Amino acid sequence: MLVTNATLPWLDAADSSAGAAGSPVSPGSVDLRVVDGVFAAIGPSLPREPGEEVLDAGGRLVLPPFVESHIHLDSVLTAGQPEPNRSGTLFEGIERWAQRKAFLTVADVKERVHRVVRQQAGFGVQFVRTHVDVTDPALTALTALLELREELAEWVTIQIVAFPQEGICSFPDGRALMERAADLGVDALGAIPHFEFTREYAVESLNFVCALAADRGLLVDVHCDEIDDEASRGLETLAARAYELGLGPRVTASHTTAMHSYNNAYFTRLLRLLTLSGMNFVANPVVNTHLQGRIDSYPKRRGVTRVKELSEAGVNVSFGTDDIVDPWNPLGTGNLRDVVHTGLYVTQLLGHQEITDSYRFVTTNAARTLHLGDGYGLEVGRPASFVLLDAGSWYEALNWNAPVLASYRRGRLVARTEPVHREVLF
Ligand code: FE2
């Protein structure tokens, strides 16, 4: 297949800039040749070969597939079951989920997740990192997700994080459950230091998880300091372990909303360690603006981590959806455009270049977090996975919520959408 007249943002594999600030985008119309599911050539005006199928992009934007770097698939579509989260806080969400978790079945989880993954596919998402609650002696949700990871592998890459929603040191047999999850084949290990009973448990849980991940060769993705408490400082422990154990970019800190409330003197000192560690960050700007600041009067904190400062320091940051119609978010579709759109407003990243570069939060930066390596990117020799948007640039796609007209995975069409036709009658 030959994709002609595609507009590409400038993507340099060696580029380590983190989305907001960074390299200029050099749009240009190019052709992409796909042979046996791999990009065989990318360049201007490639000669058409006899009998070759042609997809004329018509100057529209082609991006690598969208990457969902943070979601909880096990809880999707459970909002209000058995009762809604009335306070809108993270902690009531955990209580509501514990009620719903009591009657999970593998079939129930698989049916809901399957629906949402297909929804995501329609928005051009081909890679998903999901956190799965393992504070369940039966590991029901994990069983379901492990099965789906295999069953859906040709359509979507699912990465599973063993997520101890109710704690590791504060939950009965928490450590053993994490070890069982590791034995069952998860991709990454999580933790939730701000939910542990004590600061000591928080530190202990992070030490435990980092050591286990190092031992098993797993990635780490911690729900870290998802609270408005400026004294919640699990992040410094996580970063120190990432640095000392040499885990570096294999470690991700998700949420880190307490950083929003850190004093600048502490943050400035911490930033050195964060940079040294080489770890990644995932912000969830939609859900955290909903969950955080709930017990503030006025002014109410936005509760989103310091995306701008981290990015400017060269730290890799991506954006995630976090939740779709569950105890933590009553809305959500899985369209990562919405996450970027809200994220740019909340983090005040609305300079022209910042907008232009912001696709990286849900593509290349997220791919780094997931360690997709050579399995991702618009480069010769890599799998021919890409999305075609109904817009001439990311700026336009973002502003107009342009649909993903086609999503190809290893050269195969995964999802398509007809362009919207709108008439105004005056
Ligand atoms: Fe989360």
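Atoms within a ligand are numbered from 1 in the order they appear, just like the ligands themselves. Everything numeric in this text was worked out from a predicted model, so none of it was measured.
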Tyr376 six-ring centre to Arg382 NZ/CZ under 6.0 Å and within 45° of normal: no
Cation-pi check, Arg233 onto Tyr266 ring (under 6.0 Å, within 45° of axis): yes
Look at the N, O or S atoms of His131, main chain and side chain alike, and state whether any lies under 2.8 Å from the Fe ion (ligand 1). no
So does Glu226 have any N/O/S atom less than 2.8 Å away from the Fe ion (ligand 1)? no
Is the backbone N or O of Arg301 less than 3.5 Å from a side-chain atom of Asp296, with the two atoms forming a donor-acceptor pair by type? yes
Are any side-chain N or O atoms of Arg129 and backbone N or O atoms of Thr369, one a donor and one an acceptor, separated by less than 3.5 Å? yes
When you measure from the Fe ion (ligand 1) to each N, O or S atom of [X], which atom gives the shortest distance?
X      : answer
Asp322 : OD1
His255 : NE2
His223 : NE2

Tested for side-chain contact (heavy atoms from CB on, under 4.5 Å) against Trp97, the lone hit among Asp326, Asn85, Leu104 is Leu104
